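To keep things clear, I will list the structure first and then write my remarks on it.
Numbered from 1 within each chain, the chains take letters A, B, ... in sequence-line order. This structure is a prediction, so every number in the text was calculated from the model and none was measured.
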There are 2 protein chains.
Amino acid sequence: MIDRVSGVPAYRQVASDLRNKIQAGQYAAGDKLPSERQLIVDYGVSRITIREAIGLLRAEGIVTAEHGKGLYVRAGVSVVRLSRSRLSRAARQDNQAFFLGDAEANAFKPTVQTTVRIEEAGLEHADALGIEPGSPVLVRDRVMSADGVVVQLATSRLPRDLTEGTQIEQGDTGAGGIHARLEEAGVVLHHHRESVATRMPTAEEAVLLQLPPGVPVLAVRRTTYDTTGRAVEVNDMTLVGNRYELVYDIPAD
Amino acid sequence: MIDRVSGVPAYRQVASDLRNKIQAGQYAAGDKLPSERQLIVDYGVSRITIREAIGLLRAEGIVTAEHGKGLYVRAGVSVVRLSRSRLSRAARQDNQAFFLGDAEANAFKPTVQTTVRIEEAGLEHADALGIEPGSPVLVRDRVMSADGVVVQLATSRLPRDLTEGTQIEQGDTGAGGIHARLEEAGVVLHHHRESVATRMPTAEEAVLLQLPPGVPVLAVRRTTYDTTGRAVEVNDMTLVGNRYELVYDIPAD
DNA sequence: TAGTGGTCTAGACCACGGG
DNA sequence: CCGTGGTCTAGACCACTAT
């Protein structure tokens, strides 16, 4: 099974062979692969070599290992499409409300843990909000779960002078969320700017989001501006990469 | 250095220790880490254990290995911001022209390889284009490089009946690209819909994009609609995750 | 109890890079 | 040439899952 003279490392040959079998449907999503010990016999290589091959497939996100059970072809996860063009005043909702509406549309049980605190703006966030470093900012940290599984982290930061005395500083911001409260306070929102990047999770995110190896995250920073061009909120969101798809509509002219 | 009774695997302890030192600035971006053999001595564990620890850091994308040279803290790459709200008719540019303009703005030397072919629509693309499976589609494959490094793959698909006899079926689509040629042919574009997801690269993408382990890709599907609501183009783009950031502007109302 | 993956060891030889 | 990471071996014991 393994070509010893090709120059291609044995573990890559094993990985390719298994990958091909998976893609050809010989092993379907959710199927169990042969055990490591069986693969040792099948391919005639050592256990370390097999484990390195499996390691590749796990890093690619197409195989998962379950301790004491076996190796499985990763089942496709249901992807949630988030339409980002629905941040309009008419469909008023902050990210939390967004998430709750999304839950309804996709039939999962949502839970949100919120913590609120005040901190001094660091260089990065001061720059993003256009305020002086060291100025007080209100920070809202949210951990969002679907059916008990954490799927999204979000941290909003607003200049404290906009939020003092408003419901924004409470755990529950009320109907319409942060944005509705801001407009009640006289801030007229003009537009949002979303910046989307991807990266592998940090060690802490991997724990919080219960991420298996080989699943990247989407890092979205949404900055909200009012009609005077001032940034009134910076929301940093981290989404499990294999569960979300962000949809944007762009006019052609 | 290693706590043998904590229950935390040795390789994780080694990885955490190195990660902390990197984040604390003890090893800066581009710095060389101690060699594997040195780490064996430093931590008092076997080479396999050290390699497993390094493997974690590589999967996280914070360390790279250079054969014959050593281990290095991955240097931050310059991120290219792509403003996606500039697909307007005024700033007419197909993705290739987009890429060329982007190159100018970011001072890198762009090259684009294009191949054109005709295929029968599969189920997925037929669905995306709203045509019958098996209908002929024009496929434009593009490999885009910056300073010789492949940074983006793009595959456009259009119903053949829209492109027959136009310059769209040539390698060079001319000024303004695909979209300008479509409008010349009487197709009035209305809007684009971009769907953004992230995943680990396939084995082929990893080779084409020369991706080191631990770097995910952004998968963007841009569908362009005309004023009759018909999908006229589906463009599947694959972007190197640690080099791109997509920026979208969303009106507040 | 049996089988699974998780961790770990002490070696070996190879291929690459730079002096 | 020597030091580097890359690949590979033949074991070992542990923790977890299921029967």
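Taking atom CD1 of residue B:I50 and atom P of nucleotide C:dT9, one finds them 9 Å apart after rounding to whole Å. Taking atom OH of residue A:Y72 and atom C1' of nucleotide D:dC16, one finds them 12 Å apart after rounding to whole Å. Between the C1' atom of D:dT7 and the CZ atom of B:R58 lies a distance of 13 Å, rounded to the nearest Å. Summarising the geometry, the separation between CZ on A:R51 and C1' on C:dG5 is reported as 6 Å, rounded to the nearest angstrom. The CG atom of A:L39 sits 10 Å away from the P atom of C:dT4 (whole-angstrom rounding). Between the CG atom of A:L71 and the C1' atom of D:dT17 there is a distance of 14 Å, given to the nearest Å. Atom P of nucleotide D:dC8 and atom CG of A:D3 are separated by 12 Å, given to the nearest angstrom. Here C:dG3 presents its P atom at 16 Å from NE2 of A:H67, a figure rounded to the nearest Å.
Between the side chain of B:T198 and the main chain of B:V217, a donor-acceptor pair closer than 3.5 Å is present.
Looking only at atom types and distance, the side chain of A:R19 has no donor-acceptor partner in the side chain of B:T202 under 3.5 Å away.
Taking every side-chain heavy atom of B:T49 into account, C:dT9 is the closest of D:dC8, C:dT9, C:dG6.
The two residues B:A15 and B:L57 come nearest to each other via the heavy atoms O-CD2, 3.8 Å.
Distances shorter than 4.0 Å separate none of the side-chain N or O atoms of B:S46 from OP1 or OP2 on C:dA10. For A:R47 and D:dA10, the shortest distance from a side-chain N or O to OP1 or OP2 is not below 4.0 Å.
For A:Q38 and B:V8, each mapped to the nucleotide of DNA chain C holding its nearest heavy atom, the one lying further toward the 5' end belongs to A:Q38. For A:G70 and B:A10, each mapped to the nucleotide of DNA chain C holding its nearest heavy atom, the one lying further toward the 5' end belongs to A:G70. Each of B:A65 and A:R37 has a nearest nucleotide on DNA chain D; the 5'-most of these lies closest to B:A65. Mapping A:G68 and B:K69 onto DNA chain D by nearest heavy atom places B:K69 closer to the 5' end of the strand.
Here the side chains of B:V41 and B:Q38 are in contact, with some heavy-atom distance below 4.5 Å. Here the side chains of B:V112 and B:M144 are in contact, with some heavy-atom distance below 4.5 Å.
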